Structures are given as structure tokens and as C-alpha cells.
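Have a look at the structure below, then the notes.
Quick caveat, the model's predicted, so the values are computed rather than measured. Just so it is clear: chains get the letters A, B, ... in the order the sequence lines come, proteins before strands, and each one is counted from 1.
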Amino acid sequence: MGKTVAELCAACDFDVDDGPMMGSSEVRFTEALKTEIPYHVSGEILGLERKRSRKLGVMDVLTYRLRLKGEDGKPVLETDNVWVLPRRDLA
Amino acid sequence: MTYIQGQALLPFVIDRIDPQSMKQWAVFLADPNPIHLDAAAVRAKGLGDRVINQGPINVAYMMNALLQAFPGGRIESMTSRFLDNVYGGERIIAHPTINAVEEGRIICSVSLESMDRGVVCTADAVVILKE
């Protein structure tokens, strides 16, 4: 995806200092990861949905997917992650 | 080794969640989120009074529990849910359990528990056994 945590938050108009939290994470490995091997990472945002939680108030729920491929282009893993972005300013 | 449905596997124990480790993970995760680094930031957000472990560390504990239970095995897939925070200084235990046994594969669940507060994360995973 080419973004740090702070840059991914910024892409969602969210300041990383406001405390993003992980909601869930799903990973599927096609092969075992190895050290000393270069991998190519790509990914995309799958969804950004505003919700209201009893505990956190207004929040945005970010879903994104990352893929790792080896140098030969073969997929190694795919992961879908859900982050909770609390919007305390909108509570 | 014989595995059976419903079998509880050896727990993986973290005696004390180390805030210094969170600082190291913050560097290589490229994650400057202050809730992992500064207890004052956690208090200001009403999330507690101790620094909060990064979610990927909690996943790693559950993965370690599975790899401890199945030496030489590898995780094929894993879905983790973050139900509550893991705080600096806590004692945490990952409890893996076998849900089903298939040819060369084990389907497991893992419960990550705070000794003081109960379940904080859960996971479902498929492990490919060593051939």
C-alpha cells in the first residue's frame, strides 16, 4: 500500500494522535514467510463507514486489504484488517 | 501425537506486558499512535491509565500459542478479534483449543485473557501440521 499507519489514517481524514484501534484482522497464508527474502506489498481500502458505538460514540470503521507477493509474483499472503477510528470531536 | 476435538492445548504465558517492547514495535510498525507510548495520552482519551499494547502484538501471542502447540506446523489462516485492550504491566495468557481435526490440518480457537480482566482477544485459525 506504501503508507505508514499515520499516512493511512490521514487518507481517512483522521489524525493518528486521536488513537486508532484494531477491530479485527484476518490473514490467509499461501506460503510460509521467510527471512532474508524480499516481498512486494500492495493493497487498497475496501471500506470506510461511519457508525455509532455505545462505548466510543461516533467512529469510522476502516477496512483495508494488503497482499504480499514474492519476487516471482506468486502470492504469499493476503490480510484484511478492520480499524476503528474514534471521532470524539463528533460525539 | 494424537489430537482430538475439544482438546485444550498448552497455554502461552506472557508474565508481564512490557511497555518498552511497545516502543520497539512502534518503530518497526511505523506506528506513532500515542496510546502505545504515553500513559497520559491513554488517560486523556478515557481508555485507562496504562499504555495499550499494539494489536499485532496480541495476534503474535496467539500465533505463538499455536506454533508452540504444533511444533513445525504453520498457520494457514487466522481471524483475530480485538475485544478489549491489553495494558502495560498485565499478565496475559493465550489458551488454544482444538475445534476440529482434519487430514493434515487442525482447526483451532484461541482465547487471549488478562489475568485481571478476562478475555481481551479471540481467534480462529487453521494450522497445517508438519509432514
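- Proximity to chain A (any heavy atom under 4.5 Å) is shown, for B/Asp38, by neither the backbone nor the side chain.
- In the model, B/Asn53 has a side-chain atom that pairs as donor or acceptor with a side-chain atom of B/Tyr61 under 3.5 Å.
- The heavy-atom pair separating A/Leu85 from A/Pro20 by the smallest distance is CD2-CB, 3.7 Å.
- Between A/Glu26 and A/Arg28, at least one side-chain nitrogen of the basic residue sits less than 4.0 Å from a carboxylate oxygen of the acidic one, meeting the salt-bridge criterion.
- Per-residue heavy-atom pair counts under 4.5 Å with chain A were compared for B/Ser80, B/Ala123, B/Ser77, B/Pro32, and the maximum is reached by B/Ser80.
- Most heavy-atom pairs under 4.5 Å with chain A: of the set B/Leu29, B/Ile75, B/Ile52, this distinction falls to B/Ile75.
- We find that A/Arg87 and A/Asp18 are not joined by a salt bridge, their nearest charged nitrogen and carboxylate oxygen being 4.0 Å or further apart.
- Using a 4.5 Å cut-off between heavy atoms, A/Thr79 makes no contact with chain B at all.
- Only the backbone of A/Glu31 comes within less than 4.5 Å of a heavy atom of chain B; no side-chain atom from C-beta onward does.
- Most heavy-atom pairs under 4.5 Å with chain B, from the set A/Ala6, A/Ala32, A/Gly23, A/Pro86: that is A/Gly23.
- B/Asp49 and B/Arg43 are not joined by a salt bridge, as no carboxylate oxygen comes within less than 4.0 angstrom of a charged side-chain nitrogen.
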